[in-house]
Asker: 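Starting off with a structure, shown below.
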Number of protein chains: 2
Amino acid sequence: MEEHKQLFSDFLKTKGLKLTGPRQIILNTIFTYHRHFNVDALYDVIRKDHQNVSRATIYRTMPLLVESGLIKQSLRCQSKDHYEHIHGHDDHLHFLCIKCGNIIEVKSKVIDETLVQLAEEKKFILNDYNLGAKGVCEACSKKKE
Amino acid sequence: MEEHKQLFSDFLKTKGLKLTGPRQIILNTIFTYHRHFNVDALYDVIRKDHQNVSRATIYRTMPLLVESGLIKQSLRCQSKDHYEHIHGHDDHLHFLCIKCGNIIEVKSKVIDETLVQLAEEKKFILNDYNLGAKGVCEACSKKKE
DNA sequence: TATCTATTGAGAATGAATATCAAATGCAAT
DNA sequence: ATTGCATTTGATATTCATTCTCAATAGATA
């Protein structure tokens, strides 16, 4: 069993919940196709192969995946909540283009370390962070108005 | 004229827009009472003294204030967009306690500078950023479960 | 004052996210 | 396999923050 599936299954078991068919489909799709995603886009991909998985179930599964530590809530874009993988990925920050909506992922050890240090100073137990920077990407800044 | 009012007025003028009565009321209320706020709470405060300012106008004014650089969008909390002052306040990040909901503001020159540098490398025109770190604050971590 | 826009309030509309509920499913113990 | 029972599901209705519509109004300028 793939690691993420095992982890999710274990998590569900501790809560007295079940790794059902739809939940497996959702989990697999997320970890096969998506790094960043929103429920709407995920729904479209899932529907191609599984016409019987409903939007409601996807919405219901998100908080479980977040609580399990496999994904986390990320930027909010075009009025939609976005999510991203945690399992298997380093912390990183996002440059979000306000023109085209594209997301550029950037890693920064300096920022990671600075945050850890700041948290220590404040005696704050740091779980995770979201850093979203807004602006205009190179491609869009070259386009004319 | 107070500085924030002057700045907003100037901004509006460059866009061919007007500093109207309702816009002044909104601006004043924000800079009198609120550091962090959402439209709903702002509406309630404004309504105490000005029954004729509508929700729609407040919603419409927010993007203008953001574009003028006086405020920025901040955390999203309880399904509501939140805003905070920029004018008169340095960039800062937030430690959000998941137990008590309290927000600790922290400033970090290192992070500010690192972001500017990263943006330059990616040829990204940086408008602003939001850094929200989740975890448990000192007070809550001392409480027993 | 007349004219031309920008703006407003009120209420309707939108749309992402959540709640409801009867039918279906997973699982454990027979 | 079969039963029993709590969990889960799909479909749909509902919620609620935010945006849109539109006729009426206000601001600036000449």
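Because the structure is a prediction, the values reported are computed rather than measured.
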Asker: Any side-chain N or O of A:R60 below 4.0 angstrom from OP1/OP2 of C:dA19?
Answerer: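 Indeed not, no polar side-chain atom of A:R60 lies that close.
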
Asker: Quiz question: by atom type and distance under 3.5 Å, do the side chains of A:Y43 and A:R47 form a donor-acceptor pair?
Answerer: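 Note: A:Y43 and A:R47 side chains meet the donor-acceptor criterion.
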
Asker: I need the CD1-C1' distance between A:I26 and D:dT9, as an integer number of Å.
Answerer: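 Atom-to-atom, A:I26 to D:dT9, this comes out as 10 Å.
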
Asker: Tell me the interatomic distance from A:Y43, atom OH, to C:dA16, atom P, rounded to whole angstroms.
Answerer: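 Computing the A:Y43:OH to C:dA16:P distance gives 13 Å.
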
Asker: Mind checking if A:V53 touches a base, just sugar-phosphate, or nothing, with heavy atoms under 4.0 Å?
Answerer: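 Touches sugar-phosphate only.
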
Asker: Pick the nucleotide of DNA chain C nearest each of B:I58 and A:T20; which residue has the one closer to the 5' end?
Answerer: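 So the residue in question is B:I58.
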
Asker: Check the phosphate of D:dT18 against B:R55, side-chain N and O only, distance under 4.0 Å to OP1 or OP2. Yes or no?
Answerer: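 For D:dT18, neither OP1 nor OP2 has a side-chain N or O of B:R55 closer than 4.0 Å.
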
Asker: Measure the distance from CG on A:N52 to P on D:dA11 and round it to the nearest whole Å.
Answerer: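 Computing the A:N52:CG to D:dA11:P distance gives 8 Å.
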
Asker: Verify the distance criterion only: is there a donor paired with an acceptor across the side chains of A:H82 and A:H94 at less than 3.5 Å?
Answerer: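 No - no donor-acceptor pair under 3.5 Å links their side chains.
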
Asker: Considering just the side-chain nitrogens and oxygens of A:T57, establish if one lies under 4.0 Å of OP1 or OP2 belonging to D:dT8.
Answerer: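 No, no such contact exists.
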
Asker: Among D:dG10, C:dG11, D:dG27, which is the nearest nucleotide to the side chain of B:A56?
Answerer: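 Per side-chain heavy atoms of B:A56, the pick is C:dG11.
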
Asker: Considering every strand and a 4.0 Å limit on heavy-atom distances, what is the contact class for A:D81: base, sugar-phosphate, or nothing?
Answerer: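 Sugar-phosphate only.
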
Asker: OP1 or OP2 of D:dT18 sitting under 4.0 Å from any side-chain N/O of B:Y59?
Answerer: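 B:Y59 to D:dT18 OP1/OP2: side-chain N or O found under 4.0 Å.
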
Asker: To the nearest 0.5 Å, what is the distance between CD1 (A:I111) and CG (A:L118)?
Answerer: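 Here the rounded value is 11.0 Å.
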
Asker: Start at the 5' end of DNA chain D and walk down; is the nucleotide closest to B:D40 or to B:L19 reached first?
Answerer: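 Its nearest nucleotide lies further toward 5', so the answer is B:D40.
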
Asker: Are any side-chain N or O atoms of B:S9 and backbone N or O atoms of B:K5, one a donor and one an acceptor, separated by less than 3.5 Å?
Answerer: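 Flag not set: sc B:S9 to bb B:K5 has no pair under 3.5 Å.
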
Asker: Check every strand shown and say whether A:L17 touches a base, only sugar-phosphate, or nothing at a heavy-atom separation below 4.0 Å.
Answerer: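 It contacts sugar-phosphate atoms only.
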
Asker: Mind calculating the distance between NZ (B:K15) and C1' (D:dA28) to the nearest angstrom?
Answerer: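 Atom-to-atom, B:K15 to D:dA28, this comes out as 19 Å.
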
Asker: Any side-chain donor paired with an acceptor under 3.5 Å for A:E84 and A:H92?
Answerer: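 Yes, a side-chain donor-acceptor pair sits under 3.5 Å.
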
Asker: Report the distance from atom NZ of B:K80 to atom P of D:dA17, rounded to the nearest whole Å.
Answerer: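 So the NZ-P distance, B:K80 to D:dA17, works out to 5 Å.
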
Asker: In whole angstrom, give the distance that lies between atom NZ of A:K13 and atom P of C:dG26.
Answerer: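 My rounded result for the distance is 15 Å.
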
Asker: Just how far, in rounded Å, is C1' of C:dA16 from NE2 of A:H82?
Answerer: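 These atoms are roughly 12 Å apart.
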
Asker: Taking 4.0 Å as the cut-off, does a side-chain nitrogen or oxygen of B:R23 come that near to OP1 or OP2 on C:dA6?
Answerer: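 Negative; the distance criterion is not met.
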
Asker: Report the nucleotide, chosen from C:dA17, D:dT18, C:dT5, that has the shortest atom-to-atom distance to any side-chain atom of B:K18.
Answerer: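 Of the options given, the side chain of B:K18 lies nearest C:dT5.
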
Asker: What is the distance from CG of A:N38 to P of C:dG15, rounded to the nearest Å?
Answerer: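 Atom CG in A:N38 sits about 15 Å away from atom P in C:dG15.
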
